[in-house]
Amino acid sequence: MDMQVIPVKKGDFNLKDYDRMRETFSWDDMKQYFTWNHTGKVNMAYEALDRHAEDPNKKDKIALLYSAPDREEKVTFGELSKESNKFANILKNYGIVKGDRVFLFMPRSPEFYKAFFGILKIGAVAGPLFEAFMEQAVRDRLQDSEARVLITTPELLERVPQEDLPDLENIIIVGDLKDESDKYIDFKKEMEAASDEFEIEWVDLEDGMLLHYTSGSTGKPKGVYHVHNAMIQHYATGEWVLDLKEDDIYWCTADPGWVTGTSYGIFAPWLHGVTNVIRGGRFTPDDWYQTLEKYGVTVWYTAPTALRMLVSHGEDKVKNYDLSSLRHIMSVGEPLNPEVITWGIKAFNLRIHDTWWMTETGAQLIVNIPALEVRPGSMGKPIPGVEASIVDNEGNELPPNQMGNLAIKAGWPSMMRAIWNNPSKYESYFINGWYVSGDSAYRDEDGYFWFQGRLDDVINTSGERVGPFEVESKLIEHPAVAEAGVIGKPHPERGEIIKAFITLNAEYEESEELLEEIRQFVKTGLSAHAAPREIEVRDSIPKTRSGKIMRRLLKSWELGLPTGDTSTLEE
Ligand code: 6R9
């Protein structure tokens, strides 16, 4: 990849000397921003909500700007604080206490956020599930977590295998309930009756707050357990990386079933008391641009898969909208193709800032911030207070430019504290004091980190290591290619050959000539050994709900192997 550097634009940064700060910063410096630092009383819901509700200047500020195809609603910090008190009272009535697991299986809606904070206020652990989960996925998660309460909708209730869930004592239904029996709790009715005063449960920084299930490459989904202490890092990155200011209109497009939708769809913006746009339903490019324009979004956090979709619909579409309010864009979840950054500069006149982190890390770790020059294709540098490195399989650090395991010195504030019910799995993440991410990467001489792939995805063809992401990025630079997923396919001579699955942009028809042209495009644009020997055109590329290309699934299909856990597959 040719090294391109996009410099800092004058005036658009809030950290003058990032590198120096990374040397001197201590997480203790961050505590002063929290109420518990002088009261000793901890709860995320207090810091993110009640604190603003108690502030006469903030209480009537809009916290939640909700929009869905059929509904629009504005909720202030004051209202959200009271409404979540009501929900906490409902849980209290049903005997929920600190430490219990309460799950949410419903689409994004104001009710979701009211319930979510009610759960935190009573000191329980919230478990948000993607609304698209089918029965098996719901069963696995509710069984493993031994959830006592589930909040869901009449439509999704069908996918809850109640007979297999002995620990699930109560189901709260948001929406019109057909069942007249008292088997279910009616959210609306109980909210109307509930008091909006609630004595918040003060917890310890190390008490549980959130359980996010995530799939590994094998086995059942793992419950990644996070504690209230994570707020320190949510707040810090909200300032440094999201660059949030008092008057921002912030939009994180992620669903709260994914960690991005909680850490950065809920916590970071509301810890900063910023107005948060929540958009439900499915998006088309016009919906995205309309949302940005209509609400005057200033800070936008999204994912490569969404950005690639926008790219495939062309620059002209952007021109139909007034996006002048937008000042800061970030991306997470997958490698951000340099091509997309280049496009973003043309389309929005803004740099898109890549950020790297994981469900297990709870918050951003390696990032591009406004103060740093962007090197397209690089994830950026570690945030202050975080030590990142490249290590070998024994946990020894490797020199610059050498590829290895991307690892983080254990102990940052938002690090997971357990894998639910699975201590040995938890321990397996750590070697020699390092949290080993399962991603491969290298670090350049200037300390920028470059993602190479999930360790299990790296292709070895004729002894050459090829990162599928590099090939995918090149493929989508071709005007005909919309999306691409690349795998290594076993080959008797070459070890593996590269096989690409692609979707075509609307104006293109599949033909032998076109596929050969695309192959040549990679060969001449990237390298001969990186050119896919096989290209297959498909209607879609399988992705997780958080937008990651499921290369593992492509590979299973290709080899006719069992597909394993596909609960996170986007339909
Ligand atoms: C927040 C989130 C984690 C995995 C991670 C890596 C990939 C995330 C990335 C990235 C390249 C980035 N990933 N951000 N790869 N560049 N900026 O995505 O959590 O769903 O647990 O996924 O996603 O492979 O290990 P999660």
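Count residues from 1 along the sequence. We count ligands from 1, going down the list as the structure has it; atoms in each ligand are counted the same way.
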Tell me whether [X] reaches ligand 1 (any heavy atom closer than 4.0 angstrom to a ligand atom).
{"X": "Gly438", "answer": "no"}
{"X": "Trp258", "answer": "yes"}
{"X": "Ser437", "answer": "no"}

- Task: Could you list all the ring pair (Phe, Tyr, Trp, His ring centres under 6.0 Å) pairs where at least one residue sits in residues 369-390, not counting sequence neighbours?
- Result: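 Qualifying pairs, neighbours excluded: none.
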For [atom], the protein heavy atom that lies nearest, with its residue and separation:
{"atom": "atom 11 (C) of ligand 1", "value": "Pro335 N, 3.2 Å"}
{"atom": "atom 15 (N) of ligand 1", "value": "Phe451 CE1, 3.5 Å"}
{"atom": "atom 26 (P) of ligand 1", "value": "Thr359 OG1, 3.5 Å"}
{"atom": "atom 18 (O) of ligand 1", "value": "Lys548 NZ, 3.1 Å"}
{"atom": "atom 14 (N) of ligand 1", "value": "Gly333 N, 3.2 Å"}

- Could Glu334 and Lys543 be called an ion pair, given the rule that one side-chain N must be under 4.0 Å from one carboxylate O? no
- Message: One thing to verify: whether Lys555 and Glu558 come together as a salt bridge, which I'm taking to mean a side-chain N less than 4.0 angstrom from a carboxylate O.
- Response: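 So Glu558 does not pair with Lys555 through a salt bridge.
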- Message: Does the plane of the ring in His234 sit parallel, tilted or perpendicular to the ring in Phe267? Use 30° and 60° as the thresholds.
- Response: parallel
- Residue Thr260 vicinity, atoms of ligand 1 by number, heavy atom under 4.0 Å: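 So the answer, numbered in order with elements, is 1 (C).
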- Under 4.0 Å to a heavy atom of Glu334 - the qualifying atoms of ligand 1, by number: 8 (C), 9 (C), 10 (C), 11 (C), 12 (C), 13 (N), 14 (N), 15 (N), 16 (N), 17 (N)
- Which pairs pass side chain to side chain donor-acceptor pair (under 3.5 Å) with one or both residues in residues 396-408, sequence neighbours excluded? Ser389-Glu397, Asp392-Asn396, Asn393-Asn405, Asn401-Glu445
Mind checking whether [X] contacts ligand 1 via backbone (N, CA, C, O), side chain (CB onward), both or neither, at a 4.0 Å heavy-atom cut-off?
{"X": "Trp357", "answer": "both"}
{"X": "Leu336", "answer": "neither"}
{"X": "Asp439", "answer": "side chain"}

- Query: Between the side chains of Tyr213 and Asp140, does any donor sit under 3.5 Å from an acceptor?
  - Reply: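 No - no donor-acceptor pair under 3.5 Å links their side chains.
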- When every non-hydrogen atom of Gly265 is compared with those of Asn276, the smallest separation belongs to O-ND2, 2.7 Å
- Indicate, with yes or no, if the rings of Tyr435 and Trp412 have centres closer together than 6.0 Å. yes
- Test: Arg141 cationic atom under 6.0 Å from Phe103 six-membered ring centre, within 45° of axis: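 Not satisfied by the 6.0 Å and 45° rule.
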